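The model shown is predicted, which means the values in this text are computed figures rather than measured ones.
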Amino acid sequence: MARTKEQADELACTYASLILADDTITADGIKKVLDAAGCKVDALYPALFEKYLEGKDLETVLGGIGAMAAAAPAPAAAAGGGGGAAPAKAEKKVVEEESDEDIGMSLFD
């Protein structure tokens, strides 16, 4: 699937922002990283990324993305239910690893 020019520009600025995550993320910094990588993006994108990320912790921003992605299936599942009931909390499953003794053989028998 081919990316549009806008998607490629956003992705390049995202990667540049990740590279600069340990430092202050500025439009000039993003431009320098992109120039060093040989990427050409519209001049608007580095400034947009700087403004959006100003004063924010990048790890918090990225953590929010993961939380949104994990919660995305819930509304679709609730739509078929047709009720006003609150969604149940997801239970954490504990996965126990089987040892070689449990199955009666090992890799080095």
Which heavy atom in [X] sits nearest to a heavy atom in [Y], and how many Å separate them?
X     : Y     : result
Gln7  : Ala2  : OE1-O, 4.4 Å
Glu50 : Ile30 : N-CD1, 4.4 Å
Lys5  : Lys40 : NZ-O, 2.9 Å

Quiz item: Does a salt bridge link Asp28 with Lys32, judged by any charged N lying under 4.0 Å from a carboxylate O?
Solution: no
Quiz item: Hey, what do you get for OG1 (Thr26) to CZ (Phe49), rounding to the nearest 0.5 Å?
Solution: 14.0 Å
Quiz item: Who passes side chain to side chain donor-acceptor pair (under 3.5 Å) against Lys51, sequence neighbours left out?
Solution: none
Using distance only, find each side-chain donor-acceptor pair of residues 12-25 under 3.5 Å and give its atom names and separation, not counting sequence neighbours.
from: Thr14; atom 1: OG1; to: Glu10; atom 2: O; distance (Å): 2.8
from: Ser17; atom 1: OG; to: Cys13; atom 2: O; distance (Å): 2.8

